[in-house]
J.: 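Have a look at the structure that comes next, please.
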Amino acid sequence: MTNALPNLDAVVTALGGADTRFGVLAESNTTQLTVIARNADVAVGDLFLIPSRRGGERVYVFRTTQYANIMNRTLEMGDVARTKLTLPDSYLSDDLAEETLLELSGMLLGYAESTGVAWAFRRPRRLPDHLSDVYRVAASNPAMPAIMRALLEGQLGPEPGKGGLLVGDLLAGEAPLRGVTVTVPPQVFSHHLGIFGRTGSGKSNLMMVLLRSVFEHNRAIVAGQVPADPRRLNQKVSFLAIDPHDEFRTWHATTGGANGVRGMVNALPASERPRLVDPFYYLSAKDLGATGLERRVLLSRADLTPDDLISVMEFSEQQAAFCASCYGRYGEDWIPTILRGDLEQSEGGSDYLPGTISAVQRRLGFLEVNRTRLFTRFAPEAGLPYQSTLPDLICALEHGRIVVVDTTLMSELEQFLLTTVVARTLFALRKALRGCDRAADLPRAIQLGLGRDPGPPETLGSRHLAEALLSRLEDGSLPYRQADRVVSTDDLPLVNIVVEEAPSILNPARLKFGSVFRDISRQGRKFGIGLSVVSQQVTAIDAGILTQINSELTMGLGNEDERRAAVRNASGDLGGFERELLLLGKGQILLTTTFKDVPVPVQVPAFDAFVGFHHGG
Amino acid sequence: MRIDHGMRAQVRGQLASLVERMRTWEHSQALSDGVLDAIRQRIRPFPHTTDLTGVRFAGVDGSGDFPALSYADSFIYLTTAQATVYEARGKDGLAAITPQPDLLMDFVWLPEAQARREAELDEAFARLAGRPIADVVAQSDYLTLKAAVAGSSGSVAQVLAKLIRPPASDSGNLGIQLRSSGELAAALRVLDGPTPPGVVLLDGTLALPFVQRPGSSLFHEHLKRLCCVRARAVGSTIAWISKSHGLPGIEAIERCAQQALGLRDRQVAEHWFLRLPNGDDGWDLPMATERHLPPPGAVTYLARFHRTTPVLRIDLDRVTWQTAMRADAPEATAAREAAWFAQLDHSCHDQRSYGYPYPIKAGHDQASLTQERRVGLRRQIIETAVAAGMKRSLFINASMATGHA
């Protein structure tokens, strides 16, 4: 609360006084307000403030969803237009009384109520008084940022650098209100995030801004600038950003624009890198070195489980059962065994039809030698040891890192599998951690979590992955132990895994047959793991996944069905915003989240300008 | 209303009879060839004027709530009137002049008790006129006209004593008196102002209902003629414009206009005027004479500004006409008249009221009370009265009580 705006009188004065009112509240009910306003350049989405004293000192925030040109006292605009068209020598007299007016319709976002010392924002359960004056939220009023910050405190989010992750500036109509920043708390990233928008709506730029915000948030925490808080704003955030176009690393640097994550990293003092960047921030299937901050990503066939494949590919029930049977019998060697075709007969004869086996072999064909740049062969007996970036990637995410994964040289299937394997492994580890009270029991819990039980009876599971992680547990790379204490998952970073092209793996058909994402979407937040579901379509995402998404960054959607679905599934009430979802321009979003009471329109800054602002001060 | 079968038959019969009488009447009003020829000769065109500069037009209209409320045996009437002033700005049309006249708004309380009622009404008339009613009667030329038409007029005191002051519950007549007085008072204020406009336009006619009756008169008749006197004094032309000309056979007159202007069959004549016989201009129009047109002290025209708007009746003060328009030669008079109508035509081209002077339309728009405003004002009256200790329960919204609103 700013002391400069302690009460309604102060707000009205800051708005310019009664003489500057933009309109007057006309008919209103709890679903729609109508404002008669002066003739001005208004845009759908413009914000207005309505001071009212009914029931206390309140300032209502009104957002216009449509408006009409009207003439004062002239009922039929059509008649006037017809006359103008057909009688070219006619004129419209220059009246002193304002004859050309606007009729704005829209909804209340909510109201700020004076508590005497501060303003508390509430959901729109009440209406302003009859014929209340209406003021425009105009960027031209230098006092407006302070007014909006005071009134919307709590809805705008924590201050950037103090636990708030910046999304953009409050959007008033077509223009952002500079200085009124909108942020989200770090928990948004572990409670699943939906990023919806048609092609060209600015999703990549939004991702860059989020990457930067996460980076700055972590940096502020490491620097001790975010105090402990009941809201746990001082939790670091890890971000696994799948990058299908390889643009996050250098962004526009090659064309003279801002640098991407590389620029952020390079700008860091060397002393900060070990706590914010190491061991890497960029992984790619390109021929990069095996070490360094930008390095080659490799997964081993041994990292894969049947669940991973079933989550991203189509398998019949028989085929899925066959895979599960092989995994149970051969453990991490199940894929090479199937591909080689040297399957053992069970005691009762062959368990599966040859057609099933060959169908699975065909499906796993993309893992054959020379057909993948991502997966390594894994055949220790033939001198091909376990070779995978997965253990280090898991450790990086458990330390609060941004990791960009360039998937340009990966097939779509490989991209999906990488996402799945990382998500499933991390989820398994955190579940193991949560279920373990004693540090001494942790190694066994981790092994069990990865499907491996030294027995008896012995189960094979992902042995090499488990061993690699246990060795990192021992050397502290996997930060699950502090002295003799098991670290709580609440004290680990919140991890967000981006699911690009989400409809391909989060569609209803895929989830019907079982998917690691079903469990993560339902339980991930308990363990601090969230998904970022990135899609051009809302309708293509499984309804069960949608219901688990607690925050949406919804951009322009061109399809009416998609807009309707976006409104229906939003975490905040987007009723009445359908039309606006069509009109949102590039970088404009409607932010709905369970962490805010009302939908908040936001202009995401262009990343270049955003970085320039921060670099240039 | 419920109409049963027997009633329906009766109603049909009545309607058939009524229509037959109307048809017969219409035929009886047919104009003779001689009259039609005289009309054709006197119809004059005026130019379609798209470019006029400097002329100022005032327009006046009124409204009110008659009555707004009743309280015990008394009634509260509300009168509103608005004058607007515009200046011709060439092809850009009209521009409102600042400052515009204030909205005239007056509440009057009328109890049934005669003495008090008459006193209250007189005070209301004086408030509206902005001067004592005796001054209005004395300064107006109404008594002169009445003396000429009815043979006698009486002194100011006698006239005031015989002013027609309807009972408080006679809302129809009181409404007419108050509304007319409000409109005329608004016009008077414009004429009394620092820069009187060249043309003052009112909605209605210059009819004087009681001028031919000895003794009685209506206050607004005096006020109407006072406006003429004041307009003459300041060099303005005041005119009353009515959308209801009240004449039968208008189709025949329009055909005459079509022929006079040399138009083809289906073309509608526009930009023409016809001065009705004055009694001294050598022709007669029986249907006008029967209807006492023009009214005493007036010159009456029929005119059409645009094909989509009806023929209008326009009344001018006869004295003004004699001094400002009448010339020695009829053609010279017609030329002056055409020039005046051409000016007026420029005020009729606003897109909101094409074919009708916009200043009157603007006055109407600003003076008229929406239902919401009526309700709001009624509530305001009651709240003020209750705050002063009066009983809320004794206030009755008469219209609401009888289901008329």
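Within every chain, numbering begins at 1; the chains are lettered A, B, ... in the order of the sequence lines, protein sequences first and strands thereafter.
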J.: Return the option, out of B/Lys91, B/Arg89, B/His346, with the maximum number of heavy-atom pairs under 4.5 Å with chain A.
T.: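 Most pairs with chain A among the choices: B/His346.
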J.: Go through the atoms of B/Thr50 and report whether side chain, backbone, both or neither lie under 4.5 Å from a heavy atom of chain A.
T.: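 For B/Thr50, the contact with chain A is made by the side chain alone.
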J.: Look up atom CG in B/Asp365 and atom CE in A/Met71, then write down how far apart they are to the nearest 0.5 Å.
T.: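 Answer for the CG-CE pair, B/Asp365 versus A/Met71, is 9.5 Å.
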J.: Please look at B/Asp92 and chain A and tell me whether the side chain, the backbone, both or neither of the residue comes under 4.5 angstrom of a heavy atom of that chain.
T.: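 When you check distances to chain A, only backbone atoms of B/Asp92 fall under 4.5 Å.
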J.: Does any heavy atom of chain A fall under 4.5 Å from the side chain of B/His48, the backbone, both, or neither of them?
T.: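 When you check distances to chain A, only side chain atoms of B/His48 fall under 4.5 Å.
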J.: For B/Ser368, is it the side chain, the backbone, both, or neither that has a heavy atom closer than 4.5 Å to a heavy atom of chain A?
T.: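 For B/Ser368, the contact with chain A is made by backbone and side chain together.
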J.: At a heavy-atom distance under 4.5 Å, which candidate from B/His364, B/Gln351, B/His349 has the highest pair count against chain A?
T.: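 Heavy-atom pair counts peak at B/Gln351.
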J.: Please report the interatomic distance CG(A/Asp94) to CD(B/Glu87), rounded to the nearest 0.5 Å.
T.: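 It is 11.5 Å, given to the nearest 0.5 Å.
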J.: If I take atom CG from residue A/Asp89 and atom CG from residue B/Asp51, how far apart are they, to the nearest 0.5 angstrom?
T.: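 If we round to the nearest 0.5 Å, A/Asp89:CG and B/Asp51:CG are 11.5 Å apart.
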J.: Kindly give the heavy-atom pair with the smallest separation between A/Tyr91 and B/Cys348, and that separation in Å.
T.: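 That would be OH-N, 4.1 Å.
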J.: Taking atom CG of A/Asp41 as the centre, report whether more than 12 heavy atoms of other residues, nucleotides or ligands fall under 6.0 Å from it.
T.: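 At most 12 heavy atoms, drawn from other residues, nucleotides or ligands, come within 6.0 Å of this atom.
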J.: First locate atom NZ of B/Lys361, then atom OG of A/Ser93, and finally report the distance between them rounded to the nearest 0.5 Å.
T.: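 Interatomic distance, B/Lys361 NZ to A/Ser93 OG, rounded to 0.5 Å: 11.5 Å.
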J.: Looking at A/Glu27, I'd like to know if its CD atom is crowded, meaning that more than 12 non-hydrogen atoms belonging to other residues, nucleotides or ligands lie closer than 6.0 Å.
T.: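 Open.
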J.: For side-chain contact (heavy atoms from CB on, under 4.5 Å), just list the numbers for A/Asp79 and B/Tyr354, CA-CA rounded to whole Å, side-chain angles, deciding distance to a tenth of an Å, and then say yes or no.
T.: CA-CA 10 Å; A/Asp79 288 344; B/Tyr354 202 87; over 6 Å; no
J.: Do B/Tyr358 and A/Leu92 have side-chain heavy atoms sitting under 4.5 Å apart?
T.: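 A side-chain contact is absent here, since even the closest heavy-atom pair is not under 4.5 Å.
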J.: Does a salt bridge link B/Arg352 with A/Asp95, judged by any charged N lying under 4.0 Å from a carboxylate O?
T.: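 A/Asp95 and B/Arg352: salt-bridged.
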J.: Please indicate whether A/Glu560 has more than 12 foreign heavy atoms, meaning atoms of other residues, nucleotides or ligands, lying under 6.0 Å from its CD.
T.: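 It does not: A/Glu560 CD has 12 such atoms or fewer within range.
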J.: Does B/Arg379 CZ have over 12 foreign heavy atoms under 6.0 Å away?
T.: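 Open: at most 12 neighbouring heavy atoms sit under 6.0 Å from CZ of B/Arg379.
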